[in-house]
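Structure record follows, encoded as structure tokens.
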Amino acid sequence: MSASTNARGGRQGRCRTLTATGMVVSVLATMAPAPAFADVEINPFVSLRQVVSDGTGRDTRGWLEAGAGFAALLDTNRIDGNISYRYMRRIEEFGSISQKNRHNANANVRAELIDDFLMLNAGGTASQYATDMRGFNAINPDDENGNQTQIFSGYIEPTVQQRLGDFATFQGRYRLGAVSADSPREGLTGPGSIGLDPSDGIGSRLSDSVTQTADLTLASTRATNTFNWSLTAQGTREDVDQLNQKYRGYSAGGEIGYRLSRKFELIASGGYEDIDNTQDSILFDPITGLPDLDEDGRFQVDPAMPRRTAYDFSGIYWNGGFRFTPSRRTSLEFRAGERYGSANFFLDFNHRSRNGMSVRANFQQTLNSFSRLLTQSFNGVPFNVVRVGGLDQLGVPFCVIGIDPESDDGGCLGGFTQSLTPATFKSDRGLLMVSRKLEAFTWSASVYYDKRRYVDAQQLQAPTQSELPTGLFGDDESFGVRGRVAFRLGELQTLGFDALLARNSYALSAQRKDTQITLGSQYTRRLSKHLSGNASFYGTHRITETRSDSSSVTASVGVRYNF
């Protein structure tokens with residue numbers, strides 16, 4: 001009975017995800033204006049690449065990759081945005097490859113449906129991601145191993161905004177998002193076969209999920225007011241089909257600001273929040289000690305065990321700080337206070353100089369999950385795009401696996417460094433990025449820090465225990481440095497170099513610690529008006545404590561035809 005119930009729940013969850021994602025696709029299609037009334041630039045293309053990959057403990061692999069896609073920019077009086085999509089089919093030549101089909105997409109569209117009243121934002125992402133972050137987490141888009149999976153996500157967000165005279169402005173927003181992971185559904189032969197060491201508890205790959213966030217805000221009309229205020233109410237829900245996990249978070253509060261001068265403002269905010277995260281219990285086989293899986297490879301629910309409360313918190317939150325805006329090109333905001341029952345800090349600094357230099361520093365502490373980071377933006381951590389030289393069209397980035405950003409467009413999976421799990425965690429994320437764009441030379445350097453303090457261990461169970469002690473899994477921690485340099489060698493050629501040094505410590509893997517070094521280079525040359533050639537080379541070396549070191553290299557050559 002429990003097997004059929006859980007399988008039916010899994011199918012219902014996937015249907016919810018596909019329905020929500022389909023809504024996003026439909027909205028994007030209907031919002032695209034007719035060419036006669038829009039400034040639309042579309043660049044379709046086809047490509048062909050030969051790739052060879054080798055690494056420690058792997059057979060040498062080779063494949064021919066055929067691809068097709070397009071990039072589009074929309075810019076009209078009411079609609080603006082970008083849409084890009086690329087499909088790649090990997091044709092195995094020798095060795096064994098795990099992912100023969102790859103989808104990479106990024107869409108962000110904004111439409112003003114009713115002047116100064118109703119706005120609609122929609123978008124979606126498809127990208128490769130490392131299921132278990134103990135595996136290679138590098139900047140190499142051709143990295144090929146069974147640790148990767150395909151991620152699909154989409155969101156739609158209507159917003160109503162109305163100015164109430166010179167007194168205040170009312171805004172109401174609702175965002176519906178969906179995330180699906182095309183993870184392998186193999187059976188279990190031991191606890192380590194699902195991505196964790198045998199000594200660890202049972203973890204979980206990401207399941208299909210639907211997320212929703214709504215908020216209402218009433219704020220004073222800022223203009224040149226000395227005193228400003230706002231009142232906000234917000235609710236967030238996440239429904240994960242694996243074990244019927246449910247996250248519910250509600251908050252209400254306000255903010256006040258006092259301008260000491262045109263450039264400097266004191267700010268303070270506070271309120272009350274209530275958060276609850278529950279899930280069903282896993283059904284274990286009494287003989288093997290392993291979880292029973294349904295026909296889709298998902299955990300089954302134990303009908304004899306009650307639902308588990310993974311996280312439950314309610315209380316006040318508050319913070320205080322300042323905003324400093326010395327010019328239109330420079331801004332700084334800092335806050336310190338308490339939230340989620342512990343100290344909480346926020347920092348955001350942005351500077352753009354006239355000579356093409358850009359500096360950004362950001363630090364935030366939030367309560368989040370992988371799916372909510374990917375689809376919900378309210379009070380969340382901004383996620384970033386990874387651009388890879390030679391893979392973009394019209395300035396629209398394609399989503400690729402990677403760590404650190406080269407822009408803050410907010411569309412791909414760069415910047416996500418945690419394992420692929422629905423677990424809720426307190427996130428401490430920091431980023432410092434410096435870049436400069438010149439006529440024939442572009443460079444960027446960034447330093448990042450990411451710490452995840454798990455408030456639930458997703459399942460909170462192990463084969464030999466009905467429940468694990470709180471805090472057993474500890475924290476995940478990642479930090480690193482990335483550099484990128486690109487040269488334009490005349491009108492026909494470009495040459496780029498990447499370097500990454502990363503340190504990763506994962507609580508979900510018995511406190512395993514890895515140090516990774518990746519070096520890469522990309523070269524492109526225009527062969528004719530529509531035809532271009534490209535080549536790339538990447539090498540990654542991983543140093544693992546208590547285990548032997550490992551390495552991987554990839555090399556590719558190819559051509560692309562732009563219509």
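Under the 3.5 Å distance criterion, with hydrogens and angles disregarded, no donor-acceptor pair is assigned to the side chains of Ser435 and Ser444. Asn277 and Thr424 share a donor-acceptor pair across their side chains, judged by distance under 3.5 Å alone. A donor and an acceptor atom, one from each side chain of Arg339 and Asn344, are nowhere located under 3.5 Å apart. A side-chain N or O of Asn108 and one of Tyr155 form a donor-acceptor pair less than 3.5 Å apart. With hydrogens and angles left out, the side-chain atoms of Arg173 and Thr159 include no donor and acceptor closer than 3.5 Å.
The two residues Ile267 and Arg323 make their nearest non-hydrogen contact at CG2-NH1, 3.3 Å. Shortest non-hydrogen contact noted between Ala126 and Phe152 is CB-CD2, 3.9 Å. Tyr448 approaches Val481 most closely through the heavy-atom pair CE2-N, 4.4 Å. A pairwise comparison of heavy atoms in Tyr340 and Glu273 identifies N-OE2, 3.2 Å as the closest pair. The minimum heavy-atom distance between Ala181 and Asp208, with the atom names listed, is N-OD1, 3.7 Å. Among all heavy-atom pairs drawn from Ser358 and Arg352, the shortest one is OG-NH1, 3.6 Å.
Here the side chains of His103 and Tyr87 are in contact, with some heavy-atom distance below 4.5 Å. In this structure, Tyr174 and Ile156 have side chains that are not in contact, with every pair of non-hydrogen atoms separated by 4.5 Å or more. In this structure the side chain of Val179 never reaches within 4.5 angstrom of the side chain of Thr211, judged on heavy atoms. When side chains are defined from C-beta on, Gln516 does not count as touching Leu500, because their heavy atoms never get closer than 4.5 Å. A heavy-atom distance below 4.5 Å is not found between the side chains of Arg175 and Thr375. Inter-residue side-chain proximity for Glu477 and Lys451 is flagged as met; some heavy-atom pair is nearer than 4.5 Å. Residues Ser342 and Gln365 have side chains not in contact (no heavy-atom distance under 4.5 Å, counting atoms from C-beta outward). Using a 4.5 Å cut-off on side-chain heavy atoms (C-beta onward), Leu347 and Leu332 make contact.
The aromatic rings of Phe479 and Tyr449 lie parallel to each other, their planes meeting at an angle below 30°, with 60° marking the opposite boundary.
Note: Lys513 NZ to Asn504 CG = 12.0 Å, rounded to the nearest 0.5 Å. Taking CD from Glu255 and OG from Ser230, the interatomic distance works out to 5.0 Å, rounded to the nearest 0.5 Å. To the nearest 0.5 Å, atoms CG (Leu216) and CD (Gln234) are separated by 10.0 Å. Of the inter-residue distances, the one linking Ser371 atom OG with Ile151 atom CD1 reads 8.0 Å to the nearest 0.5 angstrom. A distance of 10.5 Å separates CG of Asp80 from CG of Leu73, quoted to the nearest 0.5 Å. The OG1 atom of Thr366 sits 11.0 Å away from atom NZ of Lys426, with the distance rounded to the nearest 0.5 Å.
Formation of a donor-acceptor pair under 3.5 Å by the Arg110 side chain with backbone atoms of Asn121 is not found in this model. Here the side chain of Ser220 pairs a donor or acceptor atom with the backbone of Trp229 at under 3.5 angstrom. Thr325 places no side-chain N or O within 3.5 Å of a backbone atom of Ser331 that could act as its donor or acceptor partner. Without hydrogens or angle criteria, Gln150 side chain to Ser127 main chain gives a donor-acceptor distance under 3.5 Å.
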Open item on the list: Checking Ile83 against Phe70 for the side-chain contact (heavy atoms from CB on, under 4.5 Å) test, could you report, in this order, the C-alpha distance in whole Å, the side-chain angles of both residues, the deciding distance, and whether it holds?
Closed with: CA-CA 8 Å; Ile83 303 174; Phe70 72 92; 4.0 Å; yes
TODO: Step by step, work out the salt bridge (charged side-chain N to carboxylate O under 4.0 Å, His left out) result for Arg452 and Asp450.
DONE: CA-CA 7 Å; Arg452 285 83 58 198; Asp450 187 1; 3.5 Å; yes
Task: Working for side-chain contact (heavy atoms from CB on, under 4.5 Å), residues Phe363 and Asp428 - done: CA-CA 7 Å; Phe363 180 79; Asp428 300 348; 4.2 Å; yes
Task: Residues Phe313, Leu367; criterion side-chain contact (heavy atoms from CB on, under 4.5 Å); working and verdict - done: CA-CA 11 Å; Phe313 174 80; Leu367 185 69; over 6 Å; no
Task: Tyr247/Ile275 under side-chain contact (heavy atoms from CB on, under 4.5 Å): CA gap, chis, key distance, verdict - done: CA-CA 8 Å; Tyr247 174 92; Ile275 303 170; 3.6 Å; yes
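Residues Arg248 and Asp239 are paired through a salt bridge, judged by an N-O separation under 4.0 Å between the basic side chain and the carboxylate.
Arg307 pairs in a salt bridge (charged side-chain N to carboxylate O under 4.0 Å, His left out) with only one of the listed residues (Asp280, Asp302, Asp276), which is Asp280.
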